[in-house]
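Okay, so here's the structure we're looking at.
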Amino acid sequence: MNGKKLVAVLLLSISSFAYSQAVSRKAREIENSAIVVDTHADTPQRFLDENYDIASTDPKDPGHISLDKAKAGNLGAEFFSIWVDPGTIVKEDFAKHTLDLIDSVYQQAARHPDRMIMAFSVADIDRAHRDHKLAALMGIEGGHSIENDTRLLRDYYRLGVRYMTLSWSNTNEFADSSGDVNDPKVEHHNGLTEGGKQIVLEMNRLGMLVDISHVADKTFWDAIAVTKAPVIASHSSARALTDAPRNMTDDMLRAVAKNGGVVQVNFFSGFIDEDYLKASQAQAAERDAAVKAYLDQKKASGQTVSYLDVDRIEREWGNKIPRPSLKALIDHIDHVAKIAGIDHVGLGADWDGVSGQTPQGIDSVADLPKVTQALLDRGYSADDIKKILGGNLLRVFGEAERVSREMQQQH
Ligand SMILES: [Zn+2]
């Protein structure tokens, strides 16, 4: 072995040593003693449109979630997002597509009963954890799925849906969205309509968590004023650090704290890093034109288009922008913990929903222990880290269950 080769081998072994040591034994212990809950994964788009199998062991698969990755990251429960893309699904099919996505999650659990189980309550999550299975829950992302009909809302609850984001990026019949609130072509309601307020109360009564991610600021304040149960932000970061309209202001963070709810921090690079956000905004016109051209071309040749087509192009564009460091994400968690308090912060990564645009080192749920390590390095105690990893979300979910029982007894 020549000198150069020896140096190369030494460097290689040092770097792999550093990598394997990146997560300390202490961080592993904390992680293993916690029930880790993430509240947002768009993987059902893959289940349905790609026929993706969550037991995939394909090392080249760029997806954020597989059963192996979940095990490596000690993920205990995932809220799978039931998101109907209003850009590719016609209005008349919103409910049908919602049902198809719900079915796709059940199908995965049915295929792998030894490793994954449908869960509908805090008790179910506890049980799945004891049985070493991934607890699969569902949240609807975007009130347009209920087609302005509380009967559908109740049906979705019966099928197991346990949160609903009042709006996605589109304003719907009852709630304004942060995604188009400044678009004069869209008819707005100045927050929640009267019907929207009734929907929030019906969600409280059912025991479905009210999710205020994506909503316009006024919708947030209306929801906070009317809800009888603590709310969640299933996947939202802090606007004071990264000025995206969909991130939460410090006043909102304090209001969620007062309400007893929890803000689950989003991992998307564009929501946690100002430089990434600016670079992404700078390429928006060109990127959107590329997406449109691709979709138009596919449609013209008679092919159906799905969100995954959009995702593919957005991934190419996003990859042109440098990824922020893990520090950017920890800064957001830290900010929410400082402003709202340690009892009101958690994780809602937006897995498989951000075209791969997560901070450096976080390539899938398998990398969650790195977040634990980074929080330890920031000086967080084991107890506080466990709250962030899932304890807070479980408290809020349990409280929503209690409020639901109380409201139903009053009838
Ligand atoms: Zn979202």
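The figures that follow rest on heavy atoms only: side chains count, while hydrogens, waters and symmetry mates do not. A quick note: this is a predicted structure, and the numbers were derived from the prediction, not measured. Ligands are counted one by one from 1 in listed order, and the atoms in each one are counted from 1 as well.
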- Between R46 and D61, is the closest basic N to carboxylate O distance under 4.0 Å? yes
- Message: Can you confirm if the aromatic rings of F80 and F47 lie within a centre distance of less than 6.0 Å?
- Response: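 Under 6.0 Å, so yes.
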- Query: Taking atom types as modelled, is there a side-chain donor on T39 or S234 under 3.5 Å from an acceptor on the other?
  - Reply: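 No, no side-chain donor-acceptor pair sits under 3.5 Å.
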- Message: Between S33 and E29, does the side chain to side chain donor-acceptor pair (under 3.5 Å) criterion hold? Intermediate values first, please.
- Response: CA-CA 6 Å; S33 66; E29 276 170 15; over 6 Å; no
- Query: Closest heavy-atom contact between A34 and L389?
  - Reply: CB-CD1, 4.0 Å
- Query: With sequence neighbours left out, what residues match Y156 under ring-ring contact (aromatic ring centres under 6.0 Å, His included)?
  - Reply: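 For Y156 there are no ring-ring contact (aromatic ring centres under 6.0 Å, His included) partners, ignoring immediate neighbours.
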- Item | Sphere of radius 2.8 Å around the Zn ion (ligand 1) - protein N, O or S atoms inside |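 Only E141 OE2, H214 NE2, H235 NE2 fall inside 2.8 Å of the Zn ion (ligand 1).
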